[in-house]
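Each ligand, and each atom within it, is numbered from 1 in the order the structure gives.
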Amino acid sequence: MRVQVAIVGGGPAGHLLGQLLYKAGIDAVIIERQTRDYVLGRIRAGVLEQVCIDLMDEAGVGQRMHAEGLVHGGFDMLFKGERHRIDMNRLTGGKNVMVYGQTEVTRDLMDARQAAGLTTIYEASNVTVHDFDTDKPRVRYEKDGPNGKEVHEIECDFIAGCDGFHGVCRASAPRSAIREYEKIYPFGWLGILSDTPPVHHELIYANSPRGFALCSQRSHTRSRYYLQVPLTDKVEDWSDEAFWQELRLRLDPEARAKLVTGPSIEKSIAPLRSFVTEPMRFGRMFLAGDAAHIVPPTGAKGLNLAATDVKYLSNALIEFYQDKTEAGIDNYSERCLRRIWRAERFSWWFTGLMHRFPENGEIGQKFQEAELDYLIHSEAGARSVAENYVGLPLDFGE
Ligand code: FAS
Ligand code: PHB
């Protein structure tokens with residue numbers, strides 16, 4: 001097979017890139033190691049920034065998002081048993097976020113790709129990338145065929161590494177050419193999805209001496225909750241009832257009284273880390289999304305950063321083919337990393353503010369409460385939180 005762009009990884013980054021390239025008449029194939037249902041079964045992000053919303057519209061897949069997504073103009077910060085609203089819409093001059101799950105984003109993109117008759121190779125195994133330091137890169141993979149495992153090779157002009165944190169593309173970059181920055185947090189997020197009405201019409205981020213909690217949602221009838229748990233916890237240690245009981249203990253009286261509990265339809269523990277790869281380009285191979293960076297989900301940036309990478313990469317590839325210029329390709333990495341580090345900084349800061357760090361002692365909790373008290377009483381402080389949460393403008397600092 002020969003294509004212009006081989007996209008490794010069929011998550012949101014890979015499928016968004018595939019759709020934007022298709023709209024520009026650029027031939028791309030997606031190679032995904034799991035099944036479609038497995039990819040859709042991973043419950044992850046829930047909040048879209050305007051940049052991501054605009055890209056879904058640009059990709060021609062925004063209809064259901066606008067019909068079913070929930071526009072949020074603010075969120076609550078809960079500490080010392082009281083909730084305080086951050087009015088993002090007022091503080092940012094009219095900006096909002098949209099609550100629309102990553103699963104639905106990916107489903108919309110997959111459906112559009114299928115409807116256009118475009119090729120996604122699912123259940124590809126032993127995917128390897130080759131010769132991306134030349135102008136004839138290749139991707140190899142194996143797939144079960146009528147006569148057992150068959151080896152396939154794809155010739156292409158470019159490889160897009162959209163294969164997530166555990167993918168093969170970053171791992172294939174020459175060690176001498178790559179710098180990796182990492183911080184691992186001493187706790188995880190235990191997440192539960194339930195078909196119960198959300199406890200509040202907007203999100204609640206809770207700082208409690210027992211640990212962080214987040215009340216999020218997917219619709220008016222489906223809720224998503226998270227609890228900070230020790231890294232040693234296993235999901236099987238947590239019954240639904242134990243989850244709901246602990247969540248109640250971390251909420252304010254009003255939310256506790258309003259909480260509607262029910263059986264979990266998904267329950268998992270996600271580790272938290274800050275991670276950045278520099279650079280994000282290796283000859284004719286580009287990294288985008290979680291393949292290049294990870295943020296702690298506190299700032300709801302993971303999926304949104306993947307979308308911005310894809311915006312820069314699709315523009316660069318379109319310029320290459322249509323305008324015969326390599327300018328976009330040459331500055332892809334620098335453009336992405338400027339935005340990535342700003343989001344990494346906000347996510348790290350917000351995680352430090354909202355989670356319990358026993359090693360910081362009682363005084364650590366007091367410092368956090370004092371900072372939260374300052375933020376909710378300071379127009380400048382609240383605006384700083386709001387402008388980072390809705391997503392800094394693409395031309396910020398330029
Ligand atoms: P993804 O990891 O989504 O997709 C990569 C794809 O590549 C996967 O489908 C994988 O199967 C495939 N792949 C991997 N190796 C391959 C190979 N060798 N060959 C072919 N395919 C391969 N973000 C938030 O904003 N809020 C959250 O609450 C949140 N929760 C998260 C929980 C978990 C457990 C994880 C891991 C991430 C979470 N994130 C969250 C971040 C998440 O939403 C990512 O930012 C988002 O999935 C990024 O999308 P992709 O870059 O496409 O990577
Ligand atoms: C979610 O709904 O999954 C979600 C929302 C906000 C976050 C993290 C996760 O900061």
- Among V199, L203, L193, find the one that has a side-chain contact (heavy atoms from CB on, under 4.5 Å) with S216. L203
- Task: Closest by any non-hydrogen atom to atom 14 (C) of ligand 1: pick that one out of D163, N126, L303, L214.
- Result: D163
- For atom 17 (C) of ligand 1, grab the closest protein heavy atom and report residue, atom and distance to one decimal in Å. R33 CD, 4.1 Å
- Pair F79 + H84: ring centers closer than 6.0 Å: yes
- Query: If you count the atoms of ligand 2 from 1 in the order shown, which ones are under 4.0 Å from a heavy atom of V47?
  - Reply: 5 (C), 6 (C)
- Which heavy atom of the protein is the closest neighbour of atom 19 (N) of ligand 1, given with residue, atom name and distance? V127 CG2, 3.5 Å
- Considering only the protein, which heavy-atom contact is closest to atom 38 (C) of ligand 1, and what is its distance? R44 CD, 3.7 Å
Using residues 26-35 as the side-chain source, report each donor-acceptor pair under 3.5 Å to any protein atom, sequence neighbours left out, with the distance given to one decimal.
from	atom 1	to	atom 2	distance (Å)
E32	OE1	G10	N	2.7
E32	OE2	Q34	N	2.7
T35	OG1	Y38	N	2.9

- Item | contact_flag Y226 ligand 1 heavy-atom lt 4.0 Å | yes
- Message: Show me which atoms of ligand 2 lie under 4.0 Å from any heavy atom of Y205.
- Response: 6 (C), 7 (C), 10 (O)
- Query: Any heavy atom of Q102 sitting closer than 4.0 Å to ligand 2?
  - Reply: no
- Message: Against ligand 1, does A300 come closer than 4.0 Å with any heavy atom?
- Response: yes
- Item | ligand 1 versus D290: contacting region, heavy-atom distance under 4.0 Å | both
- Query: Which residues satisfy the side-chain contact (heavy atoms from CB on, under 4.5 Å) test with P174, sequence neighbours excluded?
  - Reply: F132, S176, A177, F282
- Query: What residue and atom, counting heavy atoms only, is the protein's closest point to atom 12 (C) of ligand 1, and at what distance?
  - Reply: E32 OE1, 3.2 Å
- Task: List every atom of ligand 2 that sits less than 4.0 Å from any heavy atom of A300, numbering the atoms from 1 in the order shown and giving each element.
- Result: 6 (C), 7 (C), 10 (O)
- Does ligand 1 have any atom sitting under 4.0 Å from a heavy atom of R42? yes
- Query: What class does the angle between the rings of Y321 and F158 fall in, given that below 30° is parallel, 30 to 60° is tilted and above 60° is perpendicular?
  - Reply: perpendicular
